[in-house]
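Below is one structure, written out as structure tokens; the observations come after it.
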Amino acid sequence: MQSLMRPGSIVVVGGGNDVRKPGGKVVQNLAKHGFAKLWVVNPKSDGVQDLPTFATIEELPEPPELAIVAVPAPHVPGAVQSLIDRGTRAFIVLSAGFSETDAAGRKLEQQLIDMVERAGARLVGPNSLGVFTPAYFGVFGGPEQQSVPGTIDLLSASGSTAAFIMEAGLDRGLRFASTVSVGNSACLGVEDFLGVLDDDPGPNPARTCLLYLESIDEPHRILEHARSLHAQGRRVVALKAGTTEVGARAASSHTGAMATSDAAVGALFDKAGIVRVSSKSDMVDAAGVLAWSRPPKSDDIVIITQAGGPGIMLADALSSHGFRVPELPEELQRELLAGLLPGSSARNPIDFLAAAGPDHVRHVFRVLAEKAADRVGAACFIFGSPGLFDIGPALDVLLEATRTMPFPVYPVLPSTRTAAEEAARFRAAGGFYFTDEVALGRALGVIRRTPPPAPARPELPAIDSGSIRRAIDEAKAQGRTHLSPEQVGRVLEAIGLRLPGQAVVRDVSDAERAARQLGCPVVMKVVGPVHKTDVQGVAVGVRNEGEVRETFARLMGMSGAEGVLVQQQAQGLELITGFSREERFGALVLFGLGGIFTEAMRDVRMGLAPLGRDQARRMVEGIKGSKLLAGVRGRAGVDAEALADAVVRISALAHAFPELREMDVNPLMGQGRDLLAVDARIAIR
Ligand code: ADP
Ligand code: MG
């Protein structure tokens, strides 16, 4: 991997003079960026771009540490094998025509994989745009730029997307330290390079890593490395494409990506502390906050603007993302206004009018630094141009402030045409800016909502594994795909969840007796059909013995009826919890509004098991209907801690018993700390 990141020598096999072709362009890029020990292999030319050029690999004066291969696909395995024979162990294959095309291409790619694995070599691609690091510029496409160490690493499943992300970023002032386009990921994927960034950061590690993903093959490695990067003060921002059915189809025809549900991706990123974005521009905005500045120190944001409208839109955006835009104390307002043009406002937004110049900007920052450093979490600075004068001098003051103020300052420069030159100078001097204030608010919001990574080994509650094991074995012996209500009851009790008082009965006198013991009204349900309500198999509010008899007869008459469950009637909010399994990810635990709300609103949160208490609490508090938990309009609420505890217990069960395929408790009903698992299903493998 060292040879891939910091090679001492490079050969381009298939390098040429035509810089409109990958082999020519990559040679030009490597040479232009000053890579010293560079060779070309090309049988048809003896002097490619004035570099030492050889007709065959065998003629190279010594084994190159890294080979960049740009010959037609059918010739790639031969070239790679010759290089392996000479001792090269690192490869970047730019050539296309492999698994992304057809069966023949897949075969060719497998040949390559076998060859590389046998030799213990490392290979990027095929179908890669290339790699650049501070050590070399080995890409054949994408915008002109210099690697700037300590800024941003970009790992991408798609070369052209990497190029477009860089275009969008460079346009606004981002710089990149390295880019790896993994192409078809035949041997090395994004996970591997995330590992390299983590394990071998070098002297000046980039603060931010951007990922563009089309498939997630090793979620646990992403989790592990993102966690470790976070501990080093480095953040990961990721875009996973192909999370809808149509998108997944597009992705699978692009790079043969395997589909992963959106919920699984969300749960993984959440657990890993990865900032999730869904567009290139959102990615650039988030990277701007993390790599060019810092997240706000607190939720109190000051808006400084010389135009009213954007200030209002930003105030709306910030407050919708949970930030405050507090009115500034009068004393502070007076001091601010003392150095501003008449008619300015300093309540927050601080609006210093379109005619404001560098002195006004300097004044605002000085007063805020001296008098308000402890009450400001960050400042958003919107500075457009009225088109009447050069705003460059004011932007110089702004750039200085982004570097010296005691809190982060986020510049928004909306005059992309009128002040294009000033903005270009701002970028050239090392500044980054946003062009849309609401997009800035969104970036701050998504970063604010992204929790730190969950601890690697959460504390798990004790569960009675013996009892669970017996229930599962019994169900298996009975050939069941779902545990019986009674087996479900034992499992729930074993993990510490409470059930309503209940009995499964098979004749009417037992039904009457159960109702008497539980106390009417009771609930009666058919045992057998999986979705009971759908077949009118649930009767709530059964008030007396007459109704018990009537209901019993009706339920037993249903097709598939094995008996009747007579159950204590529960009260309170209906919630749902449970888990499902996602290939490669493990168990996805769910929490949300239950009963009829589940289908109508889909107000649920997902977490990757095993869950710690903090993560479970965030899931509980993260549902849209979380206000219902506190109780509204005289309705009793439900204790969030008790819910989080239930979620943790479900996750511990999922984690400990992989043969449980899925589970749902719907509804979990409750008031206060009193939770009852009213209806639960558990499917086994
Ligand atoms: P299914 O999900 O198979 O349709 P449930 O047992 O979840 O059957 O019952 C459906 C609905 O009936 C629940 O969402 C809830 O509104 C109500 N219900 C069921 N059991 C009870 C109970 N013990 N107490 C109060 N309401 C109940
Ligand atoms: Mg149910």
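Read the numbers this way: they start at 1 and go in the same order the structure lists the ligands and their atoms.
If you number the atoms of ligand 1 from 1 as listed, the ones under 4.0 Å from a heavy atom of P667 come out as 7 (O), 13 (C), 14 (O). Residue-ligand proximity, V538 to ligand 1, at heavy-atom distances under 4.0 Å covers atoms 8 (O), 9 (O), 12 (O). Ligand 1 places these atoms under 4.0 Å from at least one heavy atom of V678: 19 (C), 20 (N), 21 (C), 22 (C), 23 (N). The atoms of ligand 1 that sit less than 4.0 Å from any heavy atom of E574 are 13 (C), 14 (O), 15 (C), 16 (O). Listed by number with element, the atoms of ligand 1 under 4.0 angstrom from any heavy atom of R681 are 2 (O), 3 (O).
Looking only at protein heavy atoms, the nearest one to atom 18 (N) of ligand 1 is V540 CG1, 3.7 Å. Protein heavy atom in closest approach to atom 4 (O) of ligand 1: T533 OG1, 2.3 Å. Scanning the protein for heavy atoms near atom 25 (C) of ligand 1, the closest one is A570 O, 3.4 Å. Given atom 3 (O) of ligand 1, the protein heavy atom at minimum distance is K532 N, 2.8 Å. Looking only at heavy atoms of the protein, atom 22 (C) of ligand 1 is closest to V523 CG2, 3.5 Å. Of all protein heavy atoms, the one closest to atom 6 (O) of ligand 1 is K525 NZ, 2.6 Å. In this structure, the protein non-hydrogen atom closest to atom 26 (N) of ligand 1 is M669 SD, 3.7 Å.
Checked for salt-bridge contact, E662 and R681 miss the test: no charged N lies under 4.0 Å from a carboxylate O. A salt bridge links R448 and D299; the closest N-O separation between the charged side-chain nitrogens and carboxylate oxygens is under 4.0 Å.
When the options D679, L676, D534 are ranked by their closest heavy atom to atom 7 (O) of ligand 1, first place goes to D679.
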Decide yes or no on salt bridge (Lys or Arg N to Asp or Glu O under 4.0 Å) for R549 and E512, but give the supporting numbers first. CA-CA 7 Å; R549 277 194 299 276; E512 282 169 339; 2.7 Å; yes

Would you sort out whether R649 and D645 count as a salt bridge (Lys or Arg N to Asp or Glu O under 4.0 Å), showing the intermediate values? CA-CA 6 Å; R649 287 172 184 281; D645 184 59; 3.0 Å; yes

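Note on T533: not counted as a metal contact of the Mg ion (ligand 2), no N/O/S atom lying under 2.8 Å. Coordination check, D679 versus the Mg ion (ligand 2): passed, since an N/O/S atom of the residue sits under 2.8 Å.
Within 6.0 Å of the CZ atom in R449, the count of heavy atoms belonging to other residues, nucleotides or ligands exceeds 12. Under a cut-off of 6.0 angstrom, the local environment of CD in E459 is sparse, with at most 12 non-hydrogen atoms contributed by other residues, nucleotides or ligands. More than 12 heavy atoms of other residues, nucleotides or ligands shown are found within 6.0 angstrom of CZ on F657.
Taking only nitrogen or oxygen atoms, main chain and side chain alike, G595 does not reach within less than 3.5 Å of ligand 1. In terms of polar-atom proximity, Q567 is counted as a contact of ligand 1, with an N or O under 3.5 Å from an N or O of the ligand.
For the ligand labelled ligand 1, residue Q568 lies inside the 4.0 Å heavy-atom shell.
Using modelled atom types, no side-chain atom of Q615 and backbone atom of L611 make a donor-acceptor pair closer than 3.5 Å. Judged purely by atom type and a 3.5 angstrom limit, T450 uses its side chain to pair as donor or acceptor with the backbone of V446. Judged by distance alone, the side chain of R235 and the main-chain N or O of A291 form no donor-acceptor pair under 3.5 Å.
Tested against D473, the residues R469, K476, R470 include a single side chain to side chain donor-acceptor pair (under 3.5 Å) partner, R469.
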